[in-house]
Structures are given as structure tokens and as C-alpha cells.
There are 2 protein chains.
Amino acid sequence: MAKAANRKITAGKRASGAAIPLYAQVEEIIRQRLIDNYWNPGEALPSEMQLAAELGVSQGTVRKALNDMVAENLLVRRQGRGTFVSEHTERRALFLFFNLVGEDGSRTMPVSEVSSCAHRKATPEECERLDLAVGAEIITVQRVRSLHGEPTIVDRVTVSRSLFPNLGGDVKLPENLYRFYQGEYGITITKAQESVRAVSATPEEAEMLSLAPGAPLLEIDRISLSLDGRPVEWRVSRCNTNQHTYVAERG
Amino acid sequence: MAKAANRKITAGKRASGAAIPLYAQVEEIIRQRLIDNYWNPGEALPSEMQLAAELGVSQGTVRKALNDMVAENLLVRRQGRGTFVSEHTERRALFLFFNLVGEDGSRTMPVSEVSSCAHRKATPEECERLDLAVGAEIITVQRVRSLHGEPTIVDRVTVSRSLFPNLGGDVKLPENLYRFYQGEYGITITKAQESVRAVSATPEEAEMLSLAPGAPLLEIDRISLSLDGRPVEWRVSRCNTNQHTYVAERG
DNA sequence: TTGTTGCTGACTTATATAAGACTCGATACG
DNA sequence: CGTATCGAGTCTTATATAAGTCAGCAACAA
């Protein structure tokens, strides 16, 4: 049987001017399946050989596609066991998305206390940041997060109500929201864009964080993107950086 | 002639417990050549075929090694022309190592004015941060950097005098220090670790930046690492983030 | 418990084709 | 004669396939 007959991918090989490499098409198919939760987080994908047979390409091409996605933290390979869908473990969340570390570089999971949780119509700014239609309903959660028992961060989390129905309603919010999003709503956060500034604490913030009014705070403005690249969460954190620093790697 | 006879790499194949993949060894050899400035920045490496022949491995193995190093921004590939040693261009410096952007996300090269330049013995902290022997000589440069004509950043750059002899002596310091290091001293900065805090402006800083004393500033503490992973430059920048923000990508 | 067996990914080599970039000579045109 | 343009040839990297060996892991059998 001819290979092309099995092929799900309309490569047109290299002859035509298609110019989209096979491995990129394979990557796109797998990415779409991840978005559709075709496999569950933590579940093993079919073996490279099986995927290659199904898609009508060679095992080496599948390997390249999978490697690229492993580099993007979408998949995890375990020799002898298989290739798995990435999970938002505590550890992963801590290293990828929580960037306040102690002076010595140590990382601690914060302890949060929700101070308010409301749903209302989105403001124009919220619509713009979260790419929502005007008048869309949103949910905002405000928290105070403590590190080593010290209130250190004041948090405001904003999400679309249509994407996260009932969020904050009956269920208690866990510490790791991203894992919650993945487990409860099938929405996987893969990337975030952060924008950081130095600001002065408002009197309310100063009180919540036991600081003098006007004390310098680090403001982290974060838009979190889901697997398909859409903005899903807007989070503004204001942090006391006397005992902790925000870290970033460059290059 | 047997392949193994030509081989510069003592793989021991996979039979023994060596467990170091061939491509990793190739990578290490090329990395060492980069450190030794075996090739000049901007110069083309030998073709994959030539490298493969020289090292006694297949072209595919060389390709994997080179791809990995391209992913690390050490090399640049140009189809039809060759693989090149990365250069610290303005553009690259701006995107990789300068992270203050305007509210609209635009990036501008700052204009710097050196306010002081001195050499003296390193303090214990400087020794620790730059991994120097006690009593080593260092050079510090202080600058005020302006964006769009507004003084925005107060900078303190510290480097070892033994690595950068005569720096700041007769030659005028250019805007892009990293390119200068690469061009004049053969030292290539590839990575940086940044640690960010919110602080209050000192009276001197406030005056230099035309701010009220005690105004919140963003402090960026950066250790820059060279190709071989050694800390080479310590830079502390204090920034007015009223018109600009510090950006970071996560995930 | 221990050893075997069979699955998986990890690594290496080989081969082939496509496409970008450059050289250089033939050719056409003023 | 001088010049511009086209195209073949030959470098390069980019993509794709195939075949094989090795190593980690788990389940099963002895």
C-alpha cells in the first residue's frame, strides 16, 4: 500500500510550494489534540511508531515534532515509559510561574487568604487585556499571600466568567490556581507575559502588608496564555520585596 | 579506513558505561572553540560535512549539536550560507539584555552619560558576586541612562580589572557594553541572572532622575555570565518605572 | 526473590531531496 | 566594446525517511 494513502497530512511533499514542513504539521495536530484534551494530563501519548503510522509520516519526523513540544514544556518524555502530557504540579508552578524567591534563592509556596471574590461586567481595560467582548462577565479574586507567615503579596486575579463558570462560588480556591484551571476546566496555562514596575503602597495595601504608607512595592502585571495562545487570566500582584526578590533569567 | 580511526571523540560507542552522547561531546568541542575564539564572531563555521569528517561522526550528529547551540543563541544558521558565531548586535542586545520597554511595548536604545569610573580593590561582596580572589582589582563605572531624553536609569557596572585591562581608561565607553566586551576583549556574554526589587530613591538618585526623594525605583541586580559560565559583570540598575516597565516572559 | 522478555524512548548513521545563496560564464543589447 | 541579465553549477542548510543499536522500565515467569 502506498504511504501517501495512509497519510493524514496533506504535505504535497516538497514538490509544491506548500512550504509547511511535515514536522510542523505533525506538531500542529498534536497541539490541537492537547487543546481538545484528546489525552488527559499525565496520560501517555501513543508511541512514536504508532503516531508515525497513524499520521503517515516517519518516526523521525514525529520525534522532531515531539522534541519541539518537549522544549516548549508541553510534553514530558520518560525513557522506557512514554511521552506524557505535562501536568501543572506544585513544583512546576513554583519554578515556572512563581518568581519571588528568598535572599538565598529558596522558593516557598505562598499561603493565600481570599479577601474578596466578585463577579461583574468587565471594564474596558479588562476587556482589552483578556480579549473579551464588551459587556462580558468577569470574576475577580483578591488575595493576600504570605511567605513564611509574613503577608507579602496583594493579588488581584481576573478571569472571564464564561471560561470559568462557578469559579469561587461553592468550591474553595486552592493555592495553585493553574492546576485548578487545568483539572476543573481543562484549560492549561503554558505561557505568561509579565510587566514589572515599582510603585508606592496605597494606605490599604500598607496596612495589609504591615508597611508604612507609600513604601515601595513591586507590581507584577501578568497576562497568562492558554495552550491555544489566548489570554485567560489577568493578575496584578503587589509585593513587598524587603525579604524576597523577583528573579529572571536572560539569554 | 575505519571510521573509528579518524574519530577525535573517544565515544567508546554506547557499549561501555560512558553514557555521554556523541552529540554532547561534539557540542562541548565546539563550545570550547568558541571560548577560545577559534572562530571570530560573525565568521562562518566549517560546513556540517567538514565538521563531521574532522570529528569522525556523522553529519546528522553534528547537526543535532549545532541545533542545540542555535537554541542557546550561541550560533546562527543561514540557509545556503552557513552556520555563524553569534554577534552582539544592537538589536540582539536590546531584545535579550535590555528589558525596559515603553508602555506600548516599544524598545529604545538608551543614551548614557558616565558620571564616574574608578578602579580599586574589590569589596568582599564584589569578590563573592564575581567569583574573584580576595584583594582582586575591579573597575566600577557609574552611568545615568536616558530614554527619549529623560534620565531614567542610574547604573553601576562592576568588572574585574584583570579580565578587562584599561577599560574606561583611554577609550570612550560605547553604549552597548556587551558588544564592546566581545570585540575588544574576546569575552562573550551569553546569559544573565537578574534579581529585581522595589526600593526608595536616595536623595542623590532622586536628583539625578528628577524625582522626589523616596520615590519608588525598580532595582535590577544582574550578574552576567560569559560563554564558559563564569560571572563576568555585576550590574545594578535603579530605574524610574513611571514611563517604562520591565518585561519578562514565563513558560 | 530474581531473571527474562518486550515495550518504550535515546542515540547514531546513512541516504535522498528541496531550497537558499553565491560564482561565473554565455549571451543579448546598448 | 562595455554592460547587464540570465542560467547552470555548486556550495550551503533544511527536511524527510529508514534502519539499526542501546538503555530504562515494567510485567511476568520461574
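Throughout, protein chains are lettered first and strands after them, A, B, ... in sequence-line order, and every chain is numbered starting at 1. Because only heavy atoms are used, hydrogens play no part in the values below, and waters and symmetry mates are left out as well, while side chains stay in.
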Open item on the list: Taking the minimum atom-to-atom distance to the side chain of A:T83, which one of D:dA16, C:dA19, C:dG9 wins?
Closed with: C:dG9
Open item on the list: Let me spell it out: for each of A:K64 and B:Q50, pick the nucleotide of DNA chain D with the closest heavy atom. Which residue's pick is nearer the 5' end?
Closed with: B:Q50
Task: Rounded interatomic separation in angstrom, taking CE from A:M49 and P from C:dG6 - done: 17 Å
Task: Which nucleotide in C:dG9, D:dC25, C:dT13 has an atom nearest any side-chain atom of A:S47 - done: C:dG9
Task: Under-4.0 Å side-chain N/O to phosphate OP1/OP2 contact, A:R81 with D:dA26 - done: yes
- [ ] Give B:R78 one of three labels, base, sugar-phosphate or nothing, depending on what nucleic acid heavy atoms sit under 4.0 Å from its own.
- [x] sugar-phosphate
- [ ] Just compare D:dT17, C:dC22, C:dA10 and give me whichever is closest to any side-chain atom of A:R77.
- [x] C:dA10
TODO: Measure from the side chain of A:V57, starting at C-beta and using heavy atoms only, and say which of D:dT17, D:dA16, C:dA19 lies closest.
DONE: D:dT17
TODO: Send over the distance from A:L22 CG to C:dA19 P, rounded to a whole Å.
DONE: 13 Å
Open item on the list: I want to check one thing: is the phosphate of C:dA14, taken as OP1 and OP2, less than 4.0 Å away from some side-chain N or O of B:S58?
Closed with: no
TODO: Calculate the interatomic distance between B:Q79 atom CD and D:dT13 atom C1'; express it in whole Å.
DONE: 5 Å
- [ ] Starting from C1' on C:dA21, measure out to CZ on B:F84 and report it in whole angstrom.
- [x] 10 Å
Open item on the list: Has A:T108 got a side-chain atom pairing as donor or acceptor with A:L147's backbone, closer than 3.5 angstrom?
Closed with: no
Open item on the list: Within 45 degrees of the ring normal and closer than 6.0 Å to the centroid, is that where the cationic atom of A:R78 sits relative to A:F84?
Closed with: yes
- [ ] Answer yes when A:R179 and A:E87 have at least one side-chain N-carboxylate O distance shorter than 4.0 Å, and no when they do not.
- [x] no
- [ ] Let me know the distance between CG of B:L75 and P of D:dA14, rounded to the nearest Å.
- [x] 11 Å
Open item on the list: Can you work out whether A:Q59 or A:G80 has the more 5'-proximal nearest nucleotide on DNA chain D?
Closed with: A:Q59
- [ ] Rounded off to whole Å, could you give me the CD1-to-P distance for the B:I20 and D:dC22 pair?
- [x] 18 Å
- [ ] Starting at atom CG of A:N67, determine the distance to atom P of D:dT15, rounded to an integer number of angstrom.
- [x] 14 Å
- [ ] Using a strict 4.0 Å threshold on nitrogen-to-oxygen distance, state whether B:K64 and B:E27 make a salt bridge.
- [x] no
Task: Interatomic distance where OH belongs to A:Y23 and P belongs to C:dA18 [whole Å] - done: 18 Å
- [ ] Could you verify whether a donor N or O on one side chain and an acceptor N or O on the other, from A:S224 and A:Y181, lie under 3.5 Å apart?
- [x] no
Task: Among C:dA18, C:dA21, D:dT15, the one nearest B:R63 by side-chain distance - done: D:dT15
